[in-house]
A.B. asks: 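Please find one structure pasted underneath; my questions will follow.
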Amino acid sequence: MNFRILWSIALISVSSAVLSAADPTLAVVIRGDGVVNLYRARGIGLQVIKSIPVGKQPTELCHDAKSKKLYVGQGAEKGVAEIDLATMSITANMTDPEIKNPDGCTLSPDSSKLYLVDAKADTVFVFSTSTHQLITKIPVGKEPRRALFTLDGKSILVSNAHSDTLSVIDAATNKVVREVKTGKEPRDMLWSLDGKLLIVAMIVDDSIAYYHADSLTLERQVGTQRSPQRIALSPDGQRLFSLSRFENSISVADLSESGEKRYVATIPVGKNTFNMAMSTNGKTLYTSNTQLDNTISIVDVSLMKVVNTIAVGKLSGCMLYIP
């Protein structure tokens, strides 16, 4: 075992008395162990707060800041678990007989509804977060993977990997009102800081697409490294980070007014990197490196390099940074 991993194990073992309760949390799905690990994130170290069993094959995470709840897809149980971050325990399980492969999820702006994307059922399942009962099912495109609310809260966008489309759902009626044609295999989505652009990772095209937020027409599509699985924005909106699973690295694009949205730097991380999360202050980027490494890489954004490597359980997956 190399020195960096030994050092990181020591950091994880630091007494909780040393760490402030105000420190943010990094939630990480450990798929092979069937748990969500909660880490206290401080500097270049991580301290395990709690490991929460969530069933076999946990998938994606979404977070509701208002209720301080965390939601995780349950692959084997065909549903989604609700975790109360105050008690660090599961408070509800939501499921339906037609759920096949839960993937991404998102919360309504008022926190009353959870939208669960099912990649195999080609459906979005809508649950009440108060009663935990199913409200409705919304058919979308083939292999939907992620969901994102528009900034006005009136619509939900769903990326359909095998339809090469975005489904636009009217949040008032829970009906698809529009299909937007995209490049090949749209996946992760986020809004630019000024809200003028929708940014979408295109897996097969090895590119990032930028759409005008108001019309969802394509502004431009820019090449990046192979298979950009995840994207993250710096807090100042000036840089876009895209994670390449096959290149084991992160590409950095310049989104400033003088930039052309092309990637200007590359940060090597762990092997078979799966997901990433940006700290609120933009100083630290975390990546989960699965299968070959089973580690978390901690990247110093100012230095553009990995400054620590944390050994974790089997098949680390989705991660969220919770301030």
Side-chain angles (χ1 to χ4, degrees), residues 8 12 16 19 21 23-42 45-95 99 101-107 111 114-119 127 129 132 145-147 188 229-230 232 243 270 272-280 284-291 293-298 310-323:
S8 60
I12 291 176
S16 60
L19 298 172
D23 290 329
T25 299
L26 186 70
V28 184
V29 171
I30 310 296
R31 293 175 293 155
D33 296 336
V35 299
V36 172
N37 280 353
L38 301 179
Y39 296 91
R40 184 156 289 136
R42 190 183 191 191
L46 293 174
Q47 179 205 17
V48 176
I49 304 171
K50 190 169 184 179
S51 183
I52 305 171
V54 292
K56 295 179 181 179
Q57 303 168 17
T59 57
E60 295 292 309
L61 292 168
C62 55
H63 173 237
D64 180 18
K66 290 182 180 180
S67 66
K68 297 183 179 179
K69 299 288 178 65
L70 188 68
Y71 297 89
V72 55
Q74 298 171 300
E77 291 76 14
K78 312 299 183 185
V80 58
E82 177 188 84
I83 298 172
D84 186 327
L85 290 174
T87 62
M88 291 182 287
S89 62
I90 292 178
T91 49
N93 290 280
M94 292 168 273
T95 187
I99 292 177
N101 183 22
D103 204 284
C105 57
T106 191
L107 278 298
S111 305
L114 173 77
Y115 294 78
L116 177 67
V117 175
D118 190 318
F127 290 93
T129 56
H132 306 115
R145 301 301 298 270
R146 302 289 180 266
D188 221 5
Q229 299 282 329
R230 310 280 178 164
L243 179 152
N272 198 213
T273 185
F274 186 88
N275 206 323
M276 65 178 169
M278 173 72 72
S279 65
T280 305
T284 309
L285 189 64
Y286 303 87
T287 72
S288 57
N289 313 307
T290 186
Q291 292 182 352
D293 270 12
N294 292 318
T295 62
I296 293 173
S297 294
I298 301 180
I310 306 291
V312 294
K314 297 178 182 177
L315 301 179
S316 56
C318 185
M319 51 171 43
L320 281 178
Y321 185 90
I322 304 170

A.B. asks: Measure the spacing between CG of Leu243 and CD of Gln229 and express it to the nearest 0.5 Å.
C.D. replies: 7.5 Å
A.B. asks: Report yes if some heavy atom in the side chain of Tyr71 is under 4.5 Å from a heavy atom in the side chain of Thr129; otherwise report no.
C.D. replies: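 When only atoms from C-beta onward are counted, Thr129 and Tyr71 do touch, with a gap below 4.5 Å.
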A.B. asks: Ignoring hydrogens, what is the shortest heavy-atom contact between Gly270 and Ser297? Give both atom names and the distance.
C.D. replies: N-OG, 3.4 Å
A.B. asks: Looking at every non-hydrogen atom in both residues, tell me the closest pair between Val35 and Pro53 and how far apart they are.
C.D. replies: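 The answer is CG1-CA, 3.9 Å.
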A.B. asks: Working to the nearest 0.5 angstrom, can you tell me the gap between Ile298 CD1 and Leu26 CG?
C.D. replies: 8.5 Å
A.B. asks: Nearest 0.5 Å please: distance from the CD atom of Glu82 over to the CE atom of Met94.
C.D. replies: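 The CE atom of Met94 is 5.0 Å from CD of Glu82, to the nearest 0.5 Å.
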A.B. asks: Please name the pair of heavy atoms, one in Met276 and one in Arg230, separated by the smallest distance, quoted to 0.1 Å.
C.D. replies: CE-O, 3.4 Å
A.B. asks: Quick check: does any side chain N or O of Asn294 sit under 3.5 Å from a backbone N or O of Leu315, one acting as donor and the other as acceptor?
C.D. replies: yes
A.B. asks: Between Asp103 and Asp118, is there a donor-acceptor pair closer than 3.5 Å when you use the side chain of the first and the backbone of the second?
C.D. replies: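 No, because the side chain of Asp103 does not come within donor-acceptor range (under 3.5 Å) of the backbone of Asp118.
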A.B. asks: Do Glu77 and Thr95 make a side-chain contact, defined as non-hydrogen atoms from C-beta onward lying under 4.5 Å apart?
C.D. replies: no
A.B. asks: Is there a side-chain contact between Glu60 and Arg146 (heavy atoms, below 4.5 Å)?
C.D. replies: yes
A.B. asks: What pair of heavy atoms forms the shortest contact from Gly34 to Pro58, and how long is it?
C.D. replies: CA-CD, 3.9 Å
A.B. asks: Check step by step if side-chain hydrogen bond (donor to acceptor under 3.5 Å, both in side chains) holds for Asn275 and Ser288.
C.D. replies: CA-CA 5 Å; Asn275 206 323; Ser288 57; 5.5 Å; no
A.B. asks: Please enumerate all residues that pass disulfide (SG to SG under 2.5 Å) together with Cys105, with sequence neighbours excluded.
C.D. replies: Cys62
A.B. asks: Could you pull out the closest heavy-atom pair between Thr295 and Ser316, with the gap in Å?
C.D. replies: O-OG, 3.6 Å
A.B. asks: Test side-chain hydrogen bond (donor to acceptor under 3.5 Å, both in side chains) on Gln74 and Asn93; report intermediate values, then the result.
C.D. replies: CA-CA 9 Å; Gln74 298 171 300; Asn93 290 280; 3.2 Å; yes
A.B. asks: Which pair of non-hydrogen atoms, one from Gly313 and one from Asp33, has the smallest distance, and what is that distance?
C.D. replies: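 That closest heavy-atom pairing would be CA-OD2, 3.3 Å.
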A.B. asks: Say you draw a straight line from CD1 of Ile322 to NE2 of His63; how long is it, rounded to the nearest 0.5 Å?
C.D. replies: 4.5 Å
A.B. asks: Just how far is it from atom OG1 of Thr91 to atom NZ of Lys69, taken to the nearest 0.5 Å?
C.D. replies: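 Here the interatomic distance stands at 4.5 Å.
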A.B. asks: Not counting sequence neighbours, which residues clear side-chain hydrogen bond (donor to acceptor under 3.5 Å, both in side chains) with Thr106? List them please.
C.D. replies: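 Expected list: none.
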A.B. asks: Can you find a pair of side-chain heavy atoms, one from Arg31 and one from Thr290, that are under 4.5 Å apart?
C.D. replies: yes
A.B. asks: Name the one of Ile83, Val72, Leu70 that satisfies side-chain contact (heavy atoms from CB on, under 4.5 Å) with Ile52?
C.D. replies: Ile83
A.B. asks: Just do the side-chain contact (heavy atoms from CB on, under 4.5 Å) check on Thr284 and Tyr321 with the steps written out, would you?
C.D. replies: CA-CA 10 Å; Thr284 309; Tyr321 185 90; over 6 Å; no
A.B. asks: Among Asn289, Val28, Thr273, which residue meets the side-chain contact (heavy atoms from CB on, under 4.5 Å) test with Ile296?
C.D. replies: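 For Ile296, the side-chain contact (heavy atoms from CB on, under 4.5 Å) test succeeds with only one of Asn289, Val28, Thr273, which is Val28.
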A.B. asks: May I have the step-by-step check of side-chain contact (heavy atoms from CB on, under 4.5 Å) for Leu38 and Leu85, ending in yes or no?
C.D. replies: CA-CA 9 Å; Leu38 301 179; Leu85 290 174; 4.2 Å; yes
A.B. asks: Working note: Met319 + Phe274, criterion side-chain contact (heavy atoms from CB on, under 4.5 Å); need CA distance, chi angles, decisive distance, verdict.
C.D. replies: CA-CA 9 Å; Met319 51 171 43; Phe274 186 88; over 6 Å; no
A.B. asks: Can you list every side-chain hydrogen bond (donor to acceptor under 3.5 Å, both in side chains) pair that touches residues 50-59, not counting sequence neighbours?
C.D. replies: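 For residues 50-59: Asn37-Ser51.
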